[in-house]
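Single-structure report; data block below.
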Amino acid sequence: MPPSDGRNSIRRSVHDVANRLGLGRVLVIKDPPRGGSHDLQTTLMAANLRPTTTHATEASSNCIPTMKPRSSLAFVVAGLFLLATSPLAVRAAVPSREELALSKKWTAAHFDTRRTQLPFSFNYGGKSSAELLSQWKLSITNRKVGDAKRERTLTWQDPATRLLVRCVVIEYSNYPAVEWTLYFKNEGGASTPILKDVEALDAQFERKTGGEFVLHTTIGDWSTAASFQPITQTLEPGQTKSFAPYGGRPNNAAFPFYNLQQPGGGILLAVGWPGQWASSFTRDADRSLRIKAGQQELSASLQPGEEIRSPLIAMVFWRGNDLVAAQNLWRSWMVAHNLPRTGDRQLPPTQIVACSSHQYKEMTLANEENQKMFVDRYVQEGMKLDYWWMDAGWYPCNGEWVNTGTWEPDPERFPRGLRAVSDHARAKGIKTIVWFEPERVGDTNSWIAKNHPEWLLSKKAKITAAPKGGSFGSGPGRLFNLGNREALGWLINHVDRLIREQGIDLYRQDFNIDPLTFWKGADSPDRQGMTENLYVQGYLAYWDALRQRHPQLRIDSCASGGRRDDLETLRRAVPLIRSDHLFEPTSQQNHHFQYASWIPYHGAGYVVGHSDSKWARALIPTVFEPTCLPASRCAMTCVIRN
């Protein structure tokens with residue numbers, strides 16, 4: 001299109017979206033930089049969970065308001081974020097009777113009687129679980145969990161060593177879904193024999209004739225434009241396809257969600273493990289496929305009273321040949337039964353979030369005065385923010401946000417704490433988000449490093465090389481051991497106090513370190529995988545404790561972008577960012593295409609317009625960069641200058 005038409009289209013799109021957001025007046029730069037064109041009519045979509053879409057370019061140019069920037073103050077609005085449901089057309093989100101019956105039949109065949117073929121396996125003391133469990137006494141309990149779920153617990157115990165094995169199964173009545181988790185507890189007085197090869201999922205599936213098994217997933221996140229690239233692979237006879245993340249973060253170059261398609265339907269599958277999981281899909285020479293999934297490495301003796309757990313396995317059954325309908329069935333189940341609710345049982349509403357990270361080197365140059373100034377200017381310009389975001393660097397860090405480990409507001413820059421900012425924002429109807437990274441202690445002179453070095457994991461083991469083609473790397477420092485009960489208890493109490501004292505409404509947790517090398521480095525030969533297992537349990541218990549103490553608290557999950565978005569994490573938190581690869585519009589649309597198929601509730605962040613940040617200026621060529629966002633709303637930033 002001609003440059004003038006392109007600029008007018010951009011202006012119309014900006015203001016139409018602003019009106020949808022209720023932002024009021026929004027400044028549009030008079031002469032946006034040229035270079036590159038975008039088809040706004042195909043990239044800006046309304047997300048109302050219907051097959052049809054509404055285009056953001058339909059607004060009349062006669063409705064464009066004008067606004068002059070205030071004088072004598074250079075002010076850049078940057079880092080706006082949005083949260084809501086995503087726009088994949090729903091064609092079959094309601095399960096059919098056939099799908100519900102299929103799920104019920106499979107669950108009964110694998111969990112209902114003593115003669116079932118259990119869909120998991122392990123080795124204990126050199127013997128297989130199939131051999132052992134048939135000899136151990138089995139007890140079964142059932143109870144309703146809410147209106148649509150039934151919990152069944154199968155329990156076995158070794159009479160010799162007192163190892164207790166529990167399988168907790170959740171069956172859904174309104175969705176063709178089932179899930180389960182294994183627990184192993186030593187109730188004896190001595191250490192157990194070696195427990196190993198624990199496969200939370202170990203099951204055989206048979207396809208009909210007339211087609212092959214086809215596996216659908218993505219490559220996960222590695223902070224590039226190629227993050228979440230779809231993978232579709234036909235599983236040929238005799239072939240094994242294996243997956244595992246890199247470095248211990250579950251979505252790091254892998255994705256623990258699959259759609260296994262076969263003639264006439266398929267199974268949607270998730271491995272819920274915020275650690276180092278592994279899965280494999282093995283075809284035989286005939287019509288069968290064996291699927292295994294679990295913690296990648298576990299070979300350990302359990303000490304008296306010690307308990308470990310397996311990854312959560314969840315499956316949703318679907319019928320037909322429509323992959324979009326199948327994914328929408330999964331998304332519908334995710335919304336109904338998995339998204340984290342606050343104490344009032346409400347989902348987070350669509351929200352607009354802003355920060356000043358691009359102006360103040362994250363928060364390392366921020367202080368009480370400039371944070372209040374930014375909040376005030378948003379309000380003055382009629383932009384209705386829901387949250388003000390204070391990101392990395394609000395603590396003592398010597399000008400570098402990676403120097404973590406002292407979780408208190410910097411007394412020089414925030415003499416009255418973050419509370420002075422949060423109270424100022426709250427008085428204007430704006431809540432606050434505050435960033436934490438408690439698992440990485442990057443500063444050797446921090447409070448944690450100096451006072452409790454015994455809480456830190458320091459020894460590193462060698463792990464496999466990072467895959468080629470992505471962006472990898474691990475932040476500096478040591479790993480705070482969430483598997484240490486004393487350390488975990490301190491952290492819960494300390495962050496609980498900060499949330500209350502500093503007036504924090506949304507807790508954002510980042511994770512910029514690969515934990516696997518530390519976990520493995522701490523394990524003895526007879527305890528392989530134990531540090532990881534206890535750590536993962538501590539991580540989940542930490543968030544559960546915060547949510548219990550603060551029923552209205554929302555949590556944002558981040559791990560160098562979208563590298564820890566497994567199902568267990570997503571039941572406690574909503575990721576505000578899909579990937580640290582941000583801003584460029586084409587990659588954002590590509591990321592959204594596959595990510596939203598599995599994770600229907602998330603945020604997206606963009607900088608639009610010029611920024612005083614050197615790297616932002618290089619990245620952002622146009623005033624308004626459209627994208628297919630996870631909502632019927634778009635978030636944007638714009639420049640308000642002298």
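Residue pairs meeting the side chain to side chain donor-acceptor pair (under 3.5 Å) criterion with at least one member in residues 182-197, sequence neighbours excluded, are Gln157-Glu187. Here ring-ring contact (aromatic ring centres under 6.0 Å, His included) pairs that include residues 297-322, with residues two or more places apart or in two chains, are Trp106-Phe317. A side chain to side chain donor-acceptor pair (under 3.5 Å) check over residues 218-228, counting only residues at least two apart or in different chains, returns the pairs Asp221-Ser227, Asp221-Ser579, Trp222-Thr224.
Arg309 and Glu568 are joined by a salt bridge, as a carboxylate oxygen and a charged side-chain nitrogen come within less than 4.0 angstrom of each other. Salt bridge status for Arg287 with Glu212: absent, with no side-chain N to carboxylate O gap under 4.0 Å.
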Review point. Is there a side-chain hydrogen bond (donor to acceptor under 3.5 Å, both in side chains) between Tyr175 and Glu99 once you walk through the steps?
Key: CA-CA 8 Å; Tyr175 282 91; Glu99 289 166 336; over 6 Å; no

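In the model, Asp566 has a side-chain atom that pairs as donor or acceptor with a side-chain atom of Thr569 under 3.5 Å. There is no side-chain donor-acceptor pair under 3.5 Å between Asn251 and Arg563. For the residue pair Glu151/Asn142, the side-chain donor-acceptor check at 3.5 Å is not satisfied.
In this view, Tyr595 and Phe228, His602 satisfy the ring-ring contact (aromatic ring centres under 6.0 Å, His included) rule, not counting sequence neighbours. Checked against salt bridge (charged side-chain N to carboxylate O under 4.0 Å, His left out), Asp544 has the following partners two or more places apart in sequence or in another chain: Arg572.
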Using atom types as modelled, flag every donor-acceptor pair under 3.5 Å from a side chain in residues 264-276 to any protein atom, sequence neighbours excluded.
unit_1, atom_1, unit_2, atom_2, d
Trp273, NE1, Glu532, OE2, 2.9
Gln276, OE1, Gly248, N, 2.8
Gln276, NE2, Pro245, O, 2.7
Gln276, NE2, Gln296, OE1, 3.1

